[in-house]
Every structure is written in structure tokens, then in C-alpha cells.
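Every heavy atom of this structure was used, including side-chain atoms; hydrogens, water molecules and symmetry mates were not. Throughout, protein chains are lettered first and strands after them, A, B, ... in sequence-line order, and every chain is numbered starting at 1.
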2 protein chains.
Amino acid sequence: MTTAVVEAGASREKILEAAESLFARRGYAAVGMREVAEVAGLGKSSLFHHFRSKAELYAAVVARILALCEARLRTALSAGGNPLTRFDRWLDALIDTLAAHPTTARLLLRSLFEDDELTGASEEEQRLDQTLKRMFAAAGDLLREGGATGVFRPLDVAHTLQSLIGLTVYHFASGDFGAEMLGESPFSVEQVRKRKDEVRAILHGGLLAERRAQPEPPAANGSMAHDEYS
Amino acid sequence: MTTAVVEAGASREKILEAAESLFARRGYAAVGMREVAEVAGLGKSSLFHHFRSKAELYAAVVARILALCEARLRTALSAGGNPLTRFDRWLDALIDTLAAHPTTARLLLRSLFEDDELTGASEEEQRLDQTLKRMFAAAGDLLREGGATGVFRPLDVAHTLQSLIGLTVYHFASGDFGAEMLGESPFSVEQVRKRKDEVRAILHGGLLAERRAQPEPPAANGSMAHDEYS
DNA sequence: GTCTATAATAGGATAGAC
DNA sequence: GTCTATCCTATTATAGAC
């Protein structure tokens with residue numbers, strides 16, 4: 001009986017993994033249940049025994065990766081330190097999570113920008129939306145705390161969160177284009193390290209309260225003094 | 001006869017606009033030719049008179065917005081100034097272009113990360129890929145030039161380009177999620193202005209050569225000295 | 001739980017009248 | 001150029017045998 005339960009779970013797991021890979025690569029609409037079944041090694045109808053509809057399967061896939069992401073990010077935040085330390089740890093955990101599995105960022109990005117992918121009608125889908133908002137709201141609180149204690153410069157929290165997402169999630173979701181730009185897979189250990197360096201350099205230079213750049217550096221203006229604009 | 005030509009062009013235009021809106025919102029696979037025809041106000045079969053296949057229609061839609069984007073960005077770069085000035089102008093043009101029409105960023109983002117959306121087999125589709133690479137390669141040259149002249153800090157060009165895309169394209173492609181974070185549409189004049197301020201603040205603080213932050217601020221380590229990790 | 005068979009619908013694409 | 005009608009295939013989903 002234990003074996004039966006384990007095998008049932010194993011089957012569900014196989015389906016979820018197959019669906020995750022396919023949905024991440026091609027999106028909800030482009031993937032058929034037949035193909036999911038083939039990859040999972042089941043008959044098409046058997047899928048509907050585990051998941052009553054395609055939408056339910058997709059929701060389950062997204063819920064799983066969202067739960068994983070949220071757990072890791074919450075763990076990163078729960079450790080101590082000042083806002084900057086926790087922020088760096090949060091960012092590190094985010095990048096590690098996205099880098100650990102190529103499907104994560106793609107599914108995350110799809111959840112963020114493909115509003116019409118799911119109707120949003122079912123309660124499960126709305127739970128996903130809430131999870132998504134919670135994930136980044138925690139980082140928003142950290143930004144606010146850091147702003148109040150003077151660690152961060154005055155900033156627009158919502159826009160900064162969008163920036164963080166763009167700097168991380170997009171990068172690891174950018175498939176062939178990103179790989180062609182980098183010359184190799186963004187998921188190689190070296191490229192992941194470079195990504196961390198890049199994001200950290202941009203944010204540490206741009207978010208810290210001390211030594212900000214003035215909008216128009218005099219040196220640059222000086223060298224431009226003899227330039228003419230039409 | 002002139003009228004006929006104009007009306008033919010008008011019909012093609014209607015189709016392209018309908019398709020652009022639908023593809024941007026829901027992606028290639030989720031949109032049917034029937035729906036495109038309905039929105040465009042034509043019979044389904046009439047579409048196939050103007051575009052021989054769905055893939056050809058999609059390629060035409062993407063080619064149009066890509067050409068527009070590239071033209072505006074090239075214009076921004078062609079004006080004079082030092083690398084930093086041109087970079088700021090390029091960034092401004094990019095954001096303005098993305099902000100001008102809600103479909104632009106979404107289609108652009110789809111082109112960037114949905115590799116399997118189009119097979120990539122046809123010559124037209126490969127032209128699109130080249131256009132995309134050219135667009136950002138120009139910015140890459142600018143980063144290199146600015147790096148050589150000491151305006152920018154030493155940076156990884158490919159990663160920085162990815163950061164720029166993430167900071168701009170993702171933001172304006174982030175649909176309902178972005179709107180919910182901001183509290184209003186990202187395309188409102190105020191939010192566009194805020195986005196420009198945000199991106200500029202991040203990049204000017206993070207990309208300029210002078211006054212960089214040290215990777216590990218001693219203050220942070222100091223306050224963490226008594227923290228214990230499990 | 002998994003299978004075969006099938007329903008019901010929508011997909012892309014073509015032919016030919018007008 | 002646009003239409004109706006049609007073809008073929010694929011889709012999601014269900015029914016029922018094993």
C-alpha cells in the first residue's frame with residue numbers, strides 16, 4: 001500500500017515535471033495535454049485522472065515553483081543582519097533559485113506578464129497571484145526599512161521592485177537570446193557568478209545612500225562644452 | 001485605382017493592428033486566425049489572402065514593431081555627444097518607445113524569450129533575430145566606447161545589456177502585475193516619468209566610473225559580527 | 001490507475017463563387 | 001478582395017473496459 005501511494009505520487013511528479021518543462025519553454029496555449037502525456041510516459045486520458053483540466057495542471061505547476069521560490073526567499077530574509085545584509089542575501093537567494101533550474105525564471109516571468117494565460121477566475125489561480133505579490137512585498141518591506149534607516153537612498157519601492165525583477169527574472173528567462181548574447185548558457189556556473197557580480201555592482205552603486213552621482217557630472221559637461229547640438 | 005490600393009493597405013493595416021494587439025496580450029499560440037479576423041472585421045479566409053500563414057502574419061507584426069524600435073534607437077544614437085550623453089539619449093528613446101504603445105514591450109519581450117514561438121526556420125524569422133541583435137549591439141558598442149574612454153566602470157557588456165533590457169522591456173511588459181504594484185498603469189505620464197527617473201538613478205549610480213561602493217562594506221560586517229548562522 | 005474509443009469543438013488552411 | 005463552404009488535423013475532455 002505504501003508502494004501504491006509512492007507510485008501514485010511518482011506519477012503525479014512525472015506529470016508535473018513534464019508539464020513544467022513544456023509550459024516553461026512554450027507557454028500554456030502552445031502545449032497540448034497529449035504532449036505532456038507523451039513526455040510523462042502516460043496515456044493522454046490518464047492525465048485527466050490526476051488533473052481534471054489543463055488549467056488545473058498549469059496552476060499546479062506554477063504553484064509548485066512559486067512555493068519553492070517563496071520558501072527560499074523567506075528563508076533568506078529570516079536570517080539576521082541589517083537591511084543591506086538581508087537585501088544582499090535575498091538577492092543572492094533569488095538568483096540562486098532562478099539559476100538552479102532553467103524552468104523557474106521562465107514560468108515566473110510568464111506568471112508575471114501573461115495575465116490572460118489563466119483566466120484568474122478560479123480560487124487556485126488567485127492564490128497564485130497572492131503568493132506572487134507576497135514574495136515581492138517582503139522585499140518591498142526590506143527596501144522601506146532600509147530607506148527609513150538611511151541605508152538606501154530615497155526610492156520608489158514599486159519601481160525598484162520592478163527593477164529587481166527585470167534584473168534577475170528576465171535574465172534567466174531570456175532563453176536563446178540571452179545565451180547568444182553571453183556566448184554560453186546563462187546557467188553555467190561562471191555566468192551565474194557573473195550575473196551576481198553584475199547585479200550586485202549595479203545595485204550597490206545605485207541603491208546605497210552615500211556617494212550618489214549628480215544627474216549631470218561636471219566632468220562630462222566639461223568635455224562636452226565644445227560639442228554642438230542640432 | 002488609387003482608392004483600391006489605399007483600401008488594400010488599410011485592410012492590411014487593420015489586420016496587423018488587430019493581430020499585434022492579440023499576439024502581444026496572449027502570445028502566438030493562444031491566438032486564432034478566426035479571432036484576428038473578427039477583430040479586424042474580415043472573414044477568416046480573407047486573412048489568408050493577405051498573409052499566407054499564421055506564422056507569416058506574426059512575423060509581419062513583429063517585424064513592424066522591431067523596425068520602429070530600431071529606427072528610433074538609431075536616431076537617438078546618431079545625434080552627437082559623448083558616450084554618456086548618447087547612452088542617456090538611447091535609454092530615453094527606448095523608454096519612450098516602449099511607453100508609447102502597450103503592445104511594444106510585450107511583443108519585444110516575447111521575441112526575446114519565446115524561442116520556440118517561431119520555428120526560426122524561415123528567412124524572415126531569421127531577419128527578425130538579426131534585427132533584434134543589431135538593436136542591442138549598437139548599445140553594446142556604446143558601452144564599450146564609454147568603457148574605453150573611462151566614462152563607464154569596467155563592465156561585462158553582455159550582462160549589462162541584459163540588465164538594460166530587464167530594467168526597461170520587462171517593466172513595460174509586466175501587464176496587470178506591474179499595474180498592481182504601481183497602483184496605476186505603467187503607461188501613465190507620471191509613471192513613465194518615474195520609470196525614467198528610476199532607471200536613470202540606478203544606472204547613473206551603478207555604471208559611472210567614479211565613486212563606486214566597495215563590495216563588502218565594513219559597516220555591514222561590523223553589525224553582523226555577533227550574528228550566528230546555523 | 002491506465003487504457004481504448006469517442007465526443008465535441010476549434011485550429012490552420014484551401015477551393016471556388018461572386 | 002471578400003465571401004461561404006469545406007478539409008484535415010489537433011485540441012480538451014469524457015465514458016467505460018480492464
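- For B:Asp176, there are no salt bridge (Lys or Arg N to Asp or Glu O under 4.0 Å) partners two or more places apart in sequence or in a different chain.
- The CD atom of B:Glu13 sits 14 Å away from the P atom of D:dG1 (whole-angstrom rounding).
- With respect to A:Glu35, the salt bridge (charged side-chain N to carboxylate O under 4.0 Å, His left out) criterion is satisfied by exactly one of A:Arg26, A:Lys44, A:Arg25, A:Lys54: A:Arg26.
- Of the side-chain N and O atoms in A:Ser46, none sit less than 4.0 angstrom from OP1 or OP2 of C:dG1.
- If you measure from atom CG of B:Leu42 to atom C1' of D:dT4, you get 14 Å, rounded to the nearest angstrom.
- In this structure, the CZ atom of B:Phe51 is 15 Å from the P atom of C:dG12, given to the nearest Å.
- Between B:His50 and D:dT2, a side-chain N or O to OP1/OP2 separation shorter than 4.0 Å is present.
- Side-chain atoms of A:Glu20 and A:Thr103 form a donor-acceptor pair, as typed in the model, at a separation below 3.5 Å.
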Pick out the pairs of N or O atoms, protein on one side and nucleotides 10-14 of chain D on the other, that lie under 3.5 Å.
{"unit_1": "D:dT12", "atom_1": "OP1", "unit_2": "A:Val31", "atom_2": "O", "d": "3.3"}
{"unit_1": "D:dT12", "atom_1": "OP1", "unit_2": "A:Met33", "atom_2": "N", "d": "3.3"}
{"unit_1": "D:dT12", "atom_1": "OP1", "unit_2": "A:Lys54", "atom_2": "NZ", "d": "3.2"}
{"unit_1": "D:dT12", "atom_1": "OP2", "unit_2": "A:Met33", "atom_2": "N", "d": "2.8"}
{"unit_1": "D:dT12", "atom_1": "O4", "unit_2": "A:Lys44", "atom_2": "NZ", "d": "3.3"}
{"unit_1": "D:dA13", "atom_1": "OP2", "unit_2": "A:Lys54", "atom_2": "N", "d": "2.8"}
{"unit_1": "D:dA13", "atom_1": "N6", "unit_2": "A:Lys44", "atom_2": "NZ", "d": "3.1"}
{"unit_1": "D:dT14", "atom_1": "O4", "unit_2": "A:Ser45", "atom_2": "OG", "d": "2.7"}

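- B:Phe187 and B:Phe172 have tilted rings, their planes meeting at an angle from 30° to 60° on a 0 to 90° scale.
- Neither side chain, A:Gln191 nor A:Ser185, offers a donor N or O lying under 3.5 Å from an acceptor on the other.
- Salt bridge annotation for B:Lys194-B:Asp197: absent, with no cationic side-chain nitrogen under 4.0 angstrom from a carboxylate oxygen.
- The distance from atom CD of B:Glu56 to atom C1' of C:dA13 is 13 Å, rounded to the nearest whole Å.
- Taking atom CZ of residue B:Arg26 and atom C1' of nucleotide C:dG11, one finds them 14 Å apart after rounding to whole Å.
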